[in-house]
There are 2 protein chains.
Amino acid sequence: MARVRISDVATAAGVSTATVSLVLNDRTARISDATRDRVRQAAAEVGYTPNSVARGLRTQRSHTIGLISDRIATTPFAGRMLAGAQDVAREHGYLVFLVDTDADETVEREAIRALADQQVDAMIYACMWHRVVDVPASLPRGTVFLDCRPAGGGFPAVVPDDRAGGVSAVRALVAAGHRRIAYLDVDEPHPPVASDLRHQGYLQVLAEAGIEPDPALHVRGDTSSAGGRQATDRLLDLPDDRRPTALFCFNDRMAAGAYVAAHRRGLAIPQDLSIVGYDDQQLVAAELDPPLTTVALPHYEMGRWAMEVALGIRTPDDLGAPHLMPCPIVDRDSVGPPPATAASDSRRRT
Amino acid sequence: MARVRISDVATAAGVSTATVSLVLNDRTARISDATRDRVRQAAAEVGYTPNSVARGLRTQRSHTIGLISDRIATTPFAGRMLAGAQDVAREHGYLVFLVDTDADETVEREAIRALADQQVDAMIYACMWHRVVDVPASLPRGTVFLDCRPAGGGFPAVVPDDRAGGVSAVRALVAAGHRRIAYLDVDEPHPPVASDLRHQGYLQVLAEAGIEPDPALHVRGDTSSAGGRQATDRLLDLPDDRRPTALFCFNDRMAAGAYVAAHRRGLAIPQDLSIVGYDDQQLVAAELDPPLTTVALPHYEMGRWAMEVALGIRTPDDLGAPHLMPCPIVDRDSVGPPPATAASDSRRRT
DNA sequence: GTGAGTTGCTAAATCGATTAACCGCCTGTG
DNA sequence: CACAGGCGGTTAATCGATTTAGCAACTCAC
């Protein structure tokens, strides 16, 4: 029941282990075709597959990647990042060690050491939300940052293009005819990067469309359904001429709360209120009634990108700034033209 | 920048590498205390940590576990299984290789081989739903099955105790005074194990309470919000004396659909209709209004159990049958006494 | 004083691969 | 015939640890 070793193949084929290794690794060495065939056949017959540990020790390449994350495995949608990284690894014959640190620094330090001891060929440092992170001192250079920006730069990194995502979302609303568009932002404790960028995108589109931003339309709430509902209530309490006809929400859960607030007032979506979310969280966005138009976070693609850089298949264009991955808009049914009554007012240009 | 090796420590301490190894591994060998201290100090000073690959080659134990799953990483709640397995592994100094096969048999076979080549000390085979799986031929004996039952048995396995979960759910409804309780089941294509077991639990409690099961109260629907809504509509269309006062739903998403159906008829939860879900899917159960009473799937605990068995810390009591992990009921606000009008009728005992 | 036993440590084999260096043998050439 | 060079392999070192067997020195008993 013991594993078959290269020496077993050598014996079976009547050659030395060196020859077996040369043949099986397709080394351009002087080995006759007859011997090649004999070795290959012998290897197949005895069912030989090389011991990766022994090979790793000798070649100093383990064909192994370490993926450290703060909590990726337990957050619903972020698993797509893992899938992307995983797929690339598999396509190239790599295996990935996954370590979830639960954002504990001691665990993180231990994990980095353990992965280094296992001689991983590269590491990926992943977060579940787009934010800025301090770079752990022991992290080897070349480590790829996934869905986060290393403070100080100097490492390859990939993050969603949240600004462009904000632009897409708000452009869709402007294109539908809306001019009073609220941004339903997340409140403080949350990492500010994503929300700031989306807000910038929001402001950019307003500027392009010649719409004066109204501070009253930038509200904040808890990143939950309840938070979204409360923030929406505040918007809908505004006097008629200042009330928004469309909402751009920081995420889909808050958008779900906006649905609740609207329905409780008897407002129909999208007839009375248009809503765009963010994240494209399947369980939320697709199951709302009507299904939510939202901006998708390119988790899978970011995961692929990070692994491709880790494996050296792809070289980041610029170490100074993270690679921005586009966030495609997912058109569903929560955006329509503004209600007729609101369509004509509040057209004050700057 | 090269890694420091054991020989560097040996040189620094003025001893042989054998001594260093003996000291650092706390081998009960005759080494003087003075030498011990000198070695430890030297190791600390040069920052030595053993190369796990070299050690693995020599000791034939890689301190590494392979976790194969069909799609665990990308499904929302199942990541808790990973977290449980991960935590146990970390606590014991193990690292885990994660491979998501996406239920592709070729990928699966390749993954098993790659993991075996990496000399993993054990494997865990995980599913995202409780079901019966065919055992891949190349899976090493001793592989632990997580959230699935190996066809034919012979392997350690852990699954949720869905029968007992069904019992808890329906007992909660009976205790609240309900006697007309529907089971909102999932329809065919789904793996039948979980739904059958929950149904058995349902029938058991009815029998205990002396309630004759009514076939009209066992309805099926798609495992989605829409499916739950449609199935609930069928139940609420029943004549008054046969209409259920409480619903036990196969999962939380279907329960969410039941909420929609109830609300559309102006029925309040739990005043007019009590509902119990299954899964305790955070994004759904906790965010419904009112929050959903449901039965939690013990993913984290199952993950821990599987890893403990894989590491040999725990020995399964019986290889014939899978270990059943209790599913605790999570009391929220969707269960109350039946409406007064319904409380008195339909008390026909068998 | 000699042999046995203990103490403290080291030499060398080993795990299973890869790979640089080299060794016969054959052929062709000057 | 001597020698260079190509061909088809093999020998042996190596990766970085662990571990067995054994060596040298010292103690102690008789």
Side-chain angles (χ1 to χ4, degrees), chain A residues 1-40 42-43 46-64 93 113-114 116-121, chain B residues 1-40 42-43 46-64 93 113-114 116-121:
Chain A
M1 215 47 199
R3 274 185 69 97
V4 348
R5 290 152 311 187
I6 195 170
S7 59
D8 298 326
V9 179
T11 306
V15 295
S16 71
T17 63
T19 303
V20 176
S21 175
L22 260 14
V23 170
L24 262 28
N25 288 299
D26 279 321
R27 280 273 167 288
T28 57
R30 301 155 302 186
I31 307 283
S32 70
D33 285 350
T35 306
R36 274 183 200 283
D37 289 350
R38 203 145 36 83
V39 168
R40 277 198 251 267
V46 299
Y48 171 72
T49 61
N51 179 323
S52 304
V53 175
R55 165 186 284 173
L57 177 59
R58 179 63 234 252
T59 61
Q60 304 288 49
R61 320 216 70 236
S62 61
H63 274 229
T64 272
R113 198 182 51 66
D117 290 348
Q118 284 283 354
Q119 308 281 102
V120 295
D121 294 335
Chain B
M1 215 48 199
R3 274 185 70 96
V4 349
R5 291 152 310 184
I6 196 170
S7 59
D8 298 324
V9 180
T11 307
V15 296
S16 71
T17 62
T19 305
V20 176
S21 174
L22 260 15
V23 169
L24 263 28
N25 288 298
D26 278 320
R27 278 275 166 286
T28 57
R30 302 156 299 185
I31 308 280
S32 71
D33 286 349
T35 306
R36 271 182 202 285
D37 289 349
R38 204 146 35 82
V39 168
R40 277 197 252 266
V46 299
Y48 171 72
T49 60
N51 179 323
S52 304
V53 174
R55 166 186 282 175
L57 177 59
R58 179 65 234 251
T59 62
Q60 303 287 53
R61 318 217 72 235
S62 60
H63 274 228
T64 272
R113 198 181 50 65
D117 290 349
Q118 284 282 355
Q119 308 282 101
V120 296
D121 293 336

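Proteins get letters first, then strands, A, B, ... in listed order; numbering begins at 1 in each.
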Worksheet entry | Below 4.0 Å: OP1/OP2 of D:dG16 and any side-chain N or O of B:Tyr48 | no
Worksheet item: Roughly how many Å is it from CZ in A:Arg5 to P in C:dG16, rounded to a whole number?
Response: 5 Å
Worksheet entry | Nearest-Å distance for atom pair CG/P, residues B:Leu57 and D:dT18 | 12 Å
Worksheet item: Between D:dG16 atom P and B:His63 atom NE2, what is the distance in whole Å?
Response: 20 Å
Worksheet item: Quick one: OH on B:Tyr48 to CG on B:Asp8, what's the gap to the nearest 0.5 Å?
Response: 9.5 Å
Practice prompt. Give a yes or no answer on whether the side chain of B:Asp121 reaches the backbone of B:Ser62 with a donor-acceptor pair at less than 3.5 Å.
Written response: yes
Practice prompt. Please state whether the phosphate of D:dG16, meaning OP1 or OP2, lies under 4.0 angstrom from any side-chain nitrogen or oxygen of A:Gln60.
Written response: yes
Discussion item. Apply salt bridge (charged side-chain N to carboxylate O under 4.0 Å, His left out) to residues B:Arg40 and B:Asp33 and explain how you reach the verdict.
Written reply: CA-CA 11 Å; B:Arg40 277 197 252 266; B:Asp33 286 349; over 6 Å; no
Discussion item. Any donor-acceptor pair under 3.5 Å linking the side-chain atoms of A:Thr17 with those of A:Arg5?
Written reply: no
Item to complete: Specify the separation, in whole Å, of atom CG of B:Asp37 and atom C1' of C:dG8.
Response: 15 Å
Fill in: Under 4.0 Å protein heavy-atom contacts per nucleotide of nucleotides 6-14 of chain D, with B for base, S for backbone only and - for none
-BBBBB-BB
Worksheet entry | A:Leu24 CG - C:dG16 P separation (whole Å) | 17 Å
Worksheet item: Do any side-chain nitrogens or oxygens of B:Asn25 fall under 4.0 Å of OP1 or OP2 in D:dT18?
Response: yes
Worksheet, complete the sentence: Rounding to 0.5 Å, atoms CD (B:Gln119) and CZ (B:Arg61) come to a distance of 11.0 Å
Worksheet item: Distance check: side-chain N/O of B:Arg27 vs OP1/OP2 of D:dT19, anything under 4.0 Å?
Response: yes
Response to the item:
Whole-Å distance, B:Asp26 CG to D:dT18 P, equals 12 Å
Item to complete: Measure the OG-CG distance between B:Ser32 and B:Asp37 for me, rounded to the nearest 0.5 Å.
Response: 8.5 Å
Discussion item. From CG of A:Asn51 over to P of D:dC15, roughly how many Å is that when rounded to an integer?
Written reply: 18 Å
Worksheet item: Among side-chain atoms of A:Ser21 and A:Arg27, is any donor-acceptor pair under 3.5 angstrom?
Response: no
